[in-house]
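One structure is given here, and the rest of the page talks about it.
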Amino acid sequence: MSESGTRVAGGVEAGAVPRPPATAPPLTSELVAIPRSLADVTRDIARPLEGRPTALWYLGLLVSGTMLLAGLLAIGYQVMTGIGTWGLNPTVGWAFDITNFVFWIGIGHAGTLISAVLFLFRQRWRTSVNRSAEAMTIFAVMCAGLFPLIHMGRPWLAFWVGPYPNTRGPLWVNWRSPLLWDVFAISTYFLISLTFWFVGLVPDFATLRDRATGAVRRAVYGVLSLGWNGSTRTWHRYELVYLLLAGLATPLVFSVHTIVSFDFATSVIPGWHTTIFPPYFVAGAIFSGLSMVLTLMLVARKVMRLEAYITQRHVDAMCKLILGTGGIVALAYATEFFIAWYSGNPYERFVFMNRAMGPFAWAYWIMVTCNVVVPQLFWFRRIRGKVLAVFVLSLLINVGMWFERFVIIVTSLHRDFLPSSWATYRPTLIEILTLVGSFGLFFTLFLLFCRFLPVIAIGEVKGVLAHGAAKDGEA
Amino acid sequence: MAGHPLHPVVAAPPLNPPAFGPLPARWARGLLLAAAVGVAFTLLGWGVAHTRTAAGLLLAANYTLGMGLAALCFLVLVNVTGGRWATALRRVPEALAGTLWLGGVLVLLSFTGIGVLYEWSHADVVAGDPLLQAKQGWLDVGGFVFRGAVFLAVWWLFAAALRRHSLRQDEAPGPAPSRRRLVLSAAFLPVLAVTFSLATFDWLMSLAPHWFSTVFALYNFAGMFTAGLGALLVLTIVLRRLGPLAGLVRDDHLHDLGKLAFGFATFWAYLWFCQYMLIWYSNIPEETTWYVARGAGA
């Protein structure tokens with residue numbers, strides 16, 4: 001894709017499909033709002049990487065770095081002292097830590113959905129958001145991985161989860177345990193997501209290499225761009241690899257959260273063991289992941305002045321996807337409740353009544369409000385058009401999805417089959433600081449990403465410019 | 001992705017010459033004959049093998065209804081996602097959704113077999129079964145028939161409205177009917193989710209009234225949609241060969257439909273596996289009975 005210096009007159013669409021009469025609003029809008037030439041696109045997106053960071057960026061890094069530091073101190077303390085520093089007890093053996101794990105894994109689902117599934121569905125609006133969504137996927141999976149690692153109590157023995165010939169007997173890993181399947185599912189997901197992200201970055205690395213003024217920058221971006229020369233043959237190979245990776249990554253969007261749901265659903269605990277868990281967890285993960293992407297995209301759009309690339313149409317499409325996946329989540333809540341009653345099984349009935357009216361009812365109703373009621377506002381175009389409203393609603397959904405995992409994990413455990421072992425749970429400061437630290441890690445990595453890598457896929461956005469797409473119209 | 005170079009752009013779609021002309025009258029006669037034979041055997045079976053015929057009628061009713069309903073879901077999904085690729089073949093799922101009334105009539109006819117199909121319909125059986133007593137609030141004949149009639153009416157009304165707005169576009173081109181179809185489709189999705197789930201729990205899951213599975217409705221939806229896509233593909237290919245869609249439906253339409261069918265077949269298999277795996281792994285007798293009965297033969 002060569003750079004063309006010629007500026008294309010605004011709004012010209014040669015050979016485009018006939019437009020409806022001007023009186024009626026068009027059914028779709030442009031993917032890039034303000035007319036931009038190919039050179040403009042490169043300049044706009046490379047600008048934040050080539051200048052000095054703003055004061056706002058340093059402030060952000062200070063805040064997220066502090067959060068990360070607090071988390072690291074908490075982790076250091078609990079590793080040295082033991083996980084007795086948590087609020088767990090024999091009845092509630094999983095709580096805050098696993099909630100955070102599932103929450104972060106869920107956040108990590110939108111990236112691959114946007115980059116792989118929407119690519120296969122030829123959803124062209126994905127080009128403006130896929131790069132940063134994929135980055136969030138990778139950072140979120142890193143945050144998620146932190147929690148089982150700490151949960152082991154002796155994280156220096158973490159390599160024991162790998163099946164390899166050893167001198168411990170030899171002691172083999174338990175292949176029947178969904179926890180081991182998690183190890184494979186998540187590490188595969190991480191590797192493929194990282195590869196996919198990197199492959200997508202290669203043409204943009206070459207652009208940055210060619211624009212670099214300093215020797216260090218040129219060398220670093222030069223190595224990363226793997227000798228990219230922009231020839232037709234290179235593009236052809238690249239696009240084939242990208243398509244194949246998209247095909248490979250699509251089943252992973254399902255497999256990871258399916259296996260995370262197995263951690264719970266293969267048990268015999270009412271509230272955990274239910275067959276709808278796999279698809280319901282997948283939908284919930286995409287729901288929460290898209291909300292997090294939307295939250296951060298709205299901030300990045302404002303701070304980095306990317307309004308021309310992340311347009312109302314992108315916000316609209318993301319809101320609708322959130323509404324759709326939120327609908328599946330709501331259906332799953334309703335189905336679980338209905339079947340618990342329909343089953344006639346007193347334990348099933350008790351768990352769900354206890355969720356809604358027991359000691360953790362407050363958490364349950366936060367979950368229902370944020371995940372079922374709040375997304376319904378996205379039905380209205382006027383609300384989808386208000387950036388501030390969308391931002392607040394997406395934040396609320398993030399909160400709701402954290403509480404969903406908390407409700408599933410804690411309320412199902414704290415009332416045992418034996419009333420004598422009924423207990424309650426309350427997180428300690430150490431647990432809360434660990435969660436804060438994971439947010440610090442996530443935001444620190446995201447800020448570094450905004451600073452050193454193009455947040456929008458330069459090469460791909462050029463393909464959806466009005467004059468780039470005019471040849472074949474819209475299919 | 002229209003602008004994407006990976007997707008080959010067919011410059012001029014080759015006009016397929018009609019392979020065997022318009023639908024020969026003998027085809028229609030043959031299909032009507034098959035229907036008549038089917039009706040005759042159903043009536044015969046009703047007297048000779050009552051239980052088996054009632055089960056067969058339930059199966060046929062759900063299968064027929066499922067094709068119409070799947071076509072309706074296809075239209076709804078295409079409208080909601082703004083998929084313009086399916087415009088060329090839209091009349092095929094619209095016609096298929098037009099068979100919903102037939103499926104509805106068959107489902108209503110299958111209700112005549114309630115007494116032999118559903119053990120919860122017998123007061124004496126329920127009286128000796130604490131689990132069925134607990135379900136009496138939901139599983140009773142009056143409520144079952146009433147709910148079924150409401151679900152069928154809602155689906156049929158919606159399919160008719162969608163078709164009306166589609167035909168209106170032929171007379172007055174413009175975006176207004178598209179917009180109306182979009183609003184109707186979006187509004188129908190939550191209605192469909194609830195009605196389809198409850199209909200599946202009623203008509204199919206309550207055949208084994210002690211058993212329950214939360215994913216059952218979604219699993220059935222995936223199966224129904226896959227079957228519907230298969231029917232859609234067959235009809236589209238036949239109509240393309242016969243002439244009406246020749247030159248309109250291109251090879252890449254069939255590729256897209258084929259990929260969609262592949263995707264949903266995989267999704268169905270995924271849900272089948274999830275249900276089986278979780279029930280097998282937990283090994284709770286209350287749930288495993290369903291698979292034990294199905295693994296043991298007739």
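Below, chains carry the letters A, B, ... as their sequence lines are ordered, and counting in each starts from 1.
Of the inter-residue distances, the one linking A:F264 atom CZ with B:L278 atom CG reads 13.0 Å to the nearest 0.5 angstrom. Atom NE2 in A:H273 sits 4.0 Å away from atom CD1 in B:I284 (nearest 0.5 Å).
Looking at A:V282, the atoms closer than 4.5 Å to chain B (heavy atoms on both sides) all sit in the side chain, from C-beta outward. For chain A, no part of B:Y219 is nearby; none of its heavy atoms comes within less than 4.5 Å. Using a 4.5 Å cut-off between heavy atoms, B:P130 makes no contact with chain A at all. Contact of A:T266 with chain B is made through backbone and side chain together, with heavy-atom distances under 4.5 Å. Within the 4.5 angstrom heavy-atom criterion, only side-chain atoms of B:L198, from C-beta onward, approach chain A. Of the atoms belonging to B:S206, heavy atoms from both backbone and side chain fall under 4.5 Å from chain A.
When all heavy atoms of A:I276 and B:T214 are compared, the pair lying nearest together is N-OG1, 2.9 Å. When all heavy atoms of A:W379 and B:A186 are compared, the closest pair comes out as CH2-O, 3.3 Å. The heavy-atom pair separating B:C274 from A:P278 by the smallest distance is SG-CB, 3.5 Å. Contact detail for A:S267 and B:S282: the closest heavy-atom pair is O-OG, 2.8 Å.
Residues of residues 324-343 of chain A having a heavy atom under 4.5 Å from any heavy atom of chain B, listed by number: A:L331, A:T335, A:E336, A:F338, A:I339, A:W341, A:Y342, A:S343.
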Give the intermediate values and the outcome of side-chain contact (heavy atoms from CB on, under 4.5 Å) for residues B:F216 and A:T275.
CA-CA 8 Å; B:F216 195 72; A:T275 51; over 6 Å; no

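Per-residue counts of heavy-atom pairs under 4.5 Å with chain A were compared for B:V194, B:T266, B:L139; the largest is that of B:L139. Put simply, of A:L323, A:T250, A:L120, A:N345, the one with the most heavy-atom pairs under 4.5 Å next to chain B is A:N345. Interface check for chain A: of the options B:Q133, B:M277, B:K135, the most heavy-atom pairs under 4.5 Å are formed by B:K135.
Contact annotation: the side chain of A:F262 never approaches that of B:Y281 to less than 4.5 Å [non-hydrogen atoms, C-beta and beyond].
Using modelled atom types, one finds a donor on one side chain and an acceptor on the other under 3.5 Å when comparing B:Y270 with A:T258.
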